[in-house]
**Q** 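My questions all concern the structure below.
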Amino acid sequence: MDTIPLDYSTLRLIWWLLLGILLIGFAVMDGFDLGIGTLLPAVARTDAERRLVLNVVGPVWEGNQVWLILGGGAIFAAFPALYAVSFSGFYLAMFLILFALILRPVGFKFRSKVEDKRWRAVWDWSLFVGGFVPALVFGVAMGNVLLGVPFHFDDTLRIHYTGGFFGLLSPFAVLCGLVSVAMLVTHGASMLVIKTDGPVAARARRFGTLSALATAVLFVLAGVWMALGVDGYSLVGAAVTDAASNPLFKQVASARGGWMANYQAMPWTWIFPVVGVAASLAAALLLRGGRGMAAFLASALAIIGIILTEGLAVFPFLLPSSSHPASSLTLWDASSSHLTLFVMLVATCVFLPLVLLYTGWVYRVLRGKVSPESMEQNHNAY
């Protein structure tokens, strides 16, 4: 261990930051795919318009989904206890997300195989489900992180989850799910304004403006509810940041509005919720004016602000336990070993820039609007 240049505490903090970056990358890059899928029945009224929308997403959605794989892999390798608890407690929710995501490639590949209205309508609604359901469930999951999840460890560190699927669908969690849906619909609408013209772009501007306003309103409502009506968690005494991971070696207290403690201790962190609201309102104004690229950047900034608002509120917790607070997982007691975190960091420093460079190259190659003429010229168009 003496040969590792970074101490254990620093590596744990770095991986908490990297996990946040990967989640933001997924929300920004794959988020507009989910948003466009959710918007498909609203912005595209004819078969030609639906094909136009599908060809905005079709060439890039698989690459964008790499961010989900990177995020899941980071949780598995860097915070294995979090991975184990999440897949135990959220098993049905994870299965629902995977089922919805599987509908996307099937819908893209099969929709245009048969020139039948009913056939294509089935796959169009499958693509809607593949966008709406993950966007909602991911938001509900983030709401349950704030509420806490009923699980605990026994003396042998075996996990016991005592909740059920429908217990995850509390009003506050559903509100967080609606924030996620509105946020990603805004992002998807911005991309449609960038990549299309005509009726599709006009409808995208209208629905995107409404969803951006809804994002700001719902986000503020969720923040007020969190501050006044949700129990937050805190460590009792000083955190042990450099010991071997054991989630039972701590004491945790809970109190109404406890998630506001970090904002009270570090007033500068208020910039993130302010950015979440202000960028959402800016996206609404920019969409209304038809400025697609500026609206896309504003909605991406709103996504960053909203995700960082929650991440800073719960720090250093990763997943609180509502039934046994002492079993709550923090970044200080749920991580992999010192050596594992360091080796993973080296690999990330090598491969993450390659992913970013390749992504930038792909979007440069695919720049420009999608039109009926471009689809006719492309024999691989959906």
Side-chain angles (χ1 to χ4, degrees), residues 22-23 25-44 47 50-77 82-144 164-166 168-169 173-174 176-178 180-181 183-185 187-188 191-192 355 359 362 366 380-382:
L22 293 174
L23 292 177
F26 167 67
V28 171
M29 298 305 301
D30 203 35
F32 74 80
D33 294 353
L34 301 179
I36 289 175
T38 305
L39 281 169
L40 180 61
V43 300
D47 185 69
R50 293 189 185 102
R51 287 192 64 220
L52 197 69
V53 171
L54 295 182
N55 280 279
V56 171
V57 179
V60 297
W61 74 268
E62 289 177 292
N64 292 341
Q65 205 156 275
V66 166
W67 290 94
L68 176 61
I69 299 170
L70 290 174
I75 293 174
F76 172 77
L82 174 63
Y83 181 88
V85 173
S86 299
F87 275 79
S88 297
F90 299 158
Y91 183 81
L92 289 178
M94 295 286 187
F95 185 83
L96 183 61
I97 290 173
L98 290 175
F99 174 77
L101 291 177
I102 288 170
L103 289 176
R104 290 208 292 174
V106 179
F108 280 121
K109 298 299 183 183
F110 284 1
R111 183 192 182 276
S112 298
K113 296 295 185 183
V114 178
E115 292 188 11
D116 180 80
K117 290 183 178 180
R118 289 174 296 181
W119 170 270
R120 293 188 173 186
V122 168
W123 293 116
D124 289 339
W125 282 105
S126 297
L127 290 167
F128 166 78
V129 171
F132 175 78
V133 170
L136 179 68
V137 175
F138 282 128
V140 168
M142 299 306 289
N144 277 283
F165 173 75
F166 292 102
L168 300 174
L169 301 176
V174 172
C176 292
L178 294 177
S180 175
V181 171
M183 175 179 76
L184 298 185
V185 164
H187 207 43
M191 179 57 74
L192 286 176
V355 171
T359 301
V362 167
L366 296 173
N380 296 316
Y382 291 101

**Q** Listed by chain and number, what are the side-chain hydrogen bond (donor to acceptor under 3.5 Å, both in side chains) partners of Arg120, not counting sequence neighbours?
**A** Asp47
**Q** Kindly give the heavy-atom pair with the smallest separation between Leu101 and Pro134, and that separation in Å.
**A** CD2-CG, 3.8 Å
**Q** Just wondering, do Trp123 and Val106 contact through their side chains at under 4.5 Å, heavy atoms?
**A** yes
**Q** State which residues pass ring-ring contact (aromatic ring centres under 6.0 Å, His included) with Tyr91; sequence neighbours excluded, sorted by chain then number.
**A** none
**Q** What pairs with Met142 under side chain to side chain contact (heavy atoms under 4.5 Å, CB included), at least two apart in sequence or on another chain?
**A** Glu310
**Q** Who are the side chain to side chain contact (heavy atoms under 4.5 Å, CB included) partners of Trp125, not counting sequence neighbours?
**A** Pro41, Phe128
**Q** Grab the two heavy atoms, one from Gly31 and one from His187, that are nearest each other, plus how far apart they are.
**A** C-CD2, 4.3 Å
**Q** Can you tell if the side chain of Phe32 reaches within under 4.5 Å of the side chain of Asn64, non-hydrogen atoms only?
**A** yes
**Q** Could you tell me the separation between the CD1 atom of Ile75 and the CG atom of Leu82, rounded to the nearest 0.5 Å?
**A** 5.5 Å
**Q** Determine the sole option in Arg111, Arg51, Lys117, Arg118 for which the salt bridge (charged side-chain N to carboxylate O under 4.0 Å, His left out) test with Asp124 is passed.
**A** Arg111
**Q** Could you list the residues that satisfy side chain to side chain contact (heavy atoms under 4.5 Å, CB included) with Ala93, not counting sequence neighbours?
**A** Phe90, Val137, Phe165
**Q** Who pairs with Trp61 by ring-ring contact (aromatic ring centres under 6.0 Å, His included), at least two apart in sequence or on another chain?
**A** Phe108
**Q** Filter on salt bridge (charged side-chain N to carboxylate O under 4.0 Å, His left out), then keep only pairs touching residues 84-109, sequence neighbours left out; what's left?
**A** Asp30-Arg104
**Q** What pair of heavy atoms forms the shortest contact from Gly188 to Ile36, and how long is it?
**A** O-CG1, 3.5 Å
**Q** Using the side-chain contact (heavy atoms from CB on, under 4.5 Å) rule, take Leu192 and Val43 through it: C-alpha gap first, then chi angles, then the decisive distance, then the call.
**A** CA-CA 9 Å; Leu192 286 176; Val43 300; 3.9 Å; yes
**Q** Residues two or more places apart in sequence or in another chain: which of them pass side chain to side chain contact (heavy atoms under 4.5 Å, CB included) with Ala27?
**A** Ile303, Ile307
**Q** Any idea which heavy atoms bring Leu34 and Phe26 closest together, and the distance?
**A** CD1-CZ, 4.4 Å
**Q** Could you measure the distance from the CG atom of Leu98 to the CG atom of Leu103? Nearest 0.5 Å is fine.
**A** 11.0 Å
**Q** Rounded to the nearest 0.5 Å, what separation is found between the CD1 atom of Ile97 and the CD1 atom of Ile102?
**A** 12.0 Å
**Q** Looking only at heavy atoms, what is the nearest atom pair of Leu22 and Ala74, with distance?
**A** CD1-CB, 3.6 Å
**Q** Measure the shortest side-chain to side-chain distance between Phe166 and Leu169 over non-hydrogen atoms and say whether it is less than 4.5 angstrom.
**A** yes
**Q** On a heavy-atom basis, which atom in Gly139 and which in Ser180 lie closest, and how many Å separate them?
**A** CA-CB, 3.6 Å
**Q** Do the side chains of Leu54 and Leu40 get nearer than 4.5 Å, heavy atoms only?
**A** yes
